[in-house]
Amino acid sequence: MFVSPAYAQGAAADGGNLLMSVLPFILIFVIFYFLLIRPQQKKMKQHREMIQSLERGDRIVTSGGIVGQIIKVTSDSEVEVEIAPGTRVQVMRQTITEVIEKGAPIRSSSKEKGGRGKQSQSRKSEPQDDSSEAETEEQAEETKSDEKQ
């Protein structure tokens, strides 16, 4: 008595109805791509580039929170890190999360600036002191006179 009879509705043959039911899923995928997938791919690419550019002298942080300086790049997958004076450990490159400071690799001073290294720069920048030159000349004369005797 209180229930009215239910009649079946006829099926619509519209193609637009299918598009309207799939459209929310497409929009959700696009939103996920731009908010989650794409930024994660960028982050992975930056990490991969950072790992490839590691070199001697860089200060790094590992995923465990250990801070150290790269002493030696041993292979494509490992580096030797000094975490305290005299304490060196082998670390997998993939566990390095951040480069704190890019350090200049240590180079031999004899190969720089025509074989003189940093000493030639410091000599050029120092003002010439006539009294020190006079003292060295006096010392040279004294050694010559000592040799003659």
Side-chain angles (χ1 to χ4, degrees), residues 1-140:
M1 261 181 108
F2 294 111
V3 178
S4 62
Y7 299 104
Q9 295 179 357
D14 279 325
N17 216 8
L18 177 66
L19 178 64
M20 292 305 283
S21 64
V22 175
L23 188 63
F25 293 110
I26 294 172
L27 289 174
I28 289 172
F29 177 76
V30 169
I31 291 171
F32 268 93
Y33 177 76
F34 283 108
L35 293 179
L36 297 174
I37 298 170
R38 191 165 175 241
Q40 185 66 25
Q41 286 176 342
K42 281 185 173 183
K43 187 176 179 181
M44 287 174 54
K45 183 179 178 184
Q46 288 174 345
H47 185 257
R48 190 171 36 249
E49 290 172 355
M50 180 200 58
I51 294 296
Q52 294 300 320
S53 68
L54 290 175
E55 54 188 25
R56 184 177 176 190
D58 292 351
R59 288 186 46 83
I60 54 105
V61 177
T62 65
S63 59
I66 298 174
V67 178
Q69 185 172 13
I70 296 177
I71 300 299
K72 181 176 162 185
V73 179
T74 56
S75 69
D76 290 339
S77 62
E78 293 181 356
V79 292
E80 187 172 320
V81 178
E82 185 173 41
I83 57 175
T87 306
R88 295 181 178 183
V89 294
Q90 293 286 339
V91 175
M92 299 297 293
R93 282 183 179 233
Q94 294 300 321
T95 62
I96 296 173
T97 57
E98 184 181 354
V99 175
I100 297 173
E101 177 182 321
K102 292 294 278 183
I106 301 168
R107 296 184 181 146
S108 174
S109 62
S110 63
K111 293 182 182 178
E112 294 178 357
K113 306 273 181 181
R116 291 187 182 178
K118 294 181 181 178
Q119 293 177 352
S120 64
Q121 291 176 346
S122 64
R123 287 182 185 166
K124 289 179 184 177
S125 64
E126 291 177 4
Q128 295 293 331
D129 188 14
D130 294 335
S131 62
S132 63
E133 287 180 10
E135 289 175 6
T136 55
E137 289 176 5
E138 289 175 7
Q139 291 173 352

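Note that this is a predicted model, so its numbers are computed, not measured. In what follows, every heavy atom counts, from backbone to side chain, and hydrogens, waters and symmetry copies are set aside.
Checked by atom type and distance alone, the side chain of Glu82 pairs as donor or acceptor with a backbone atom of Gly86 at under 3.5 Å. Panel note: side chain Ser53, backbone Glu49; a donor-acceptor pair is recorded below 3.5 Å.
Closest approach of Val73 to Glu55, counting heavy atoms only: CG2-CA, 4.3 Å. Closest of all the heavy-atom pairs between Thr97 and Thr62 is OG1-O, 3.6 Å. Contact between Val99 and Asp58 at its shortest, heavy atoms only, is CG1-CB, 4.4 Å.
In this structure, the side chains of Lys72 and Val79 stay at 4.5 Å or more apart for every pair of heavy atoms. Ile100 has its side chain within reach of Val61: a pair of non-hydrogen atoms, C-beta onward, lies under 4.5 Å apart.
Atoms CD and CD, from Gln69 and Glu80 in turn, are 12.0 Å apart once rounded to the nearest 0.5 Å. Atom CG of Leu54 is separated from atom CD1 of Ile70 by 4.5 Å, given to the nearest 0.5 angstrom.
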Could you walk me through whether Arg88 and Val81 pass side chain to side chain contact (heavy atoms under 4.5 Å, CB included), step by step?
CA-CA 5 Å; Arg88 295 181 178 183; Val81 178; over 6 Å; no

Let me see the working for Asn17 and Leu19 under side chain to side chain contact (heavy atoms under 4.5 Å, CB included), right down to the final yes or no.
CA-CA 5 Å; Asn17 216 8; Leu19 178 64; over 6 Å; no

Less than 3.5 Å apart, which donor and acceptor atoms pair up between the side chains of residues 89-96 and the rest of the protein, not counting sequence neighbours?
from: Arg93; atom 1: NE; to: Asp76; atom 2: O; distance (Å): 3.3
from: Arg93; atom 1: NH1; to: Ile51; atom 2: O; distance (Å): 2.6
from: Thr95; atom 1: OG1; to: Met92; atom 2: O; distance (Å): 2.7

Please tabulate, for side-chain N and O atoms in residues 23-43, each donor-acceptor pair with protein atoms closer than 3.5 Å (sequence neighbours left out).
none

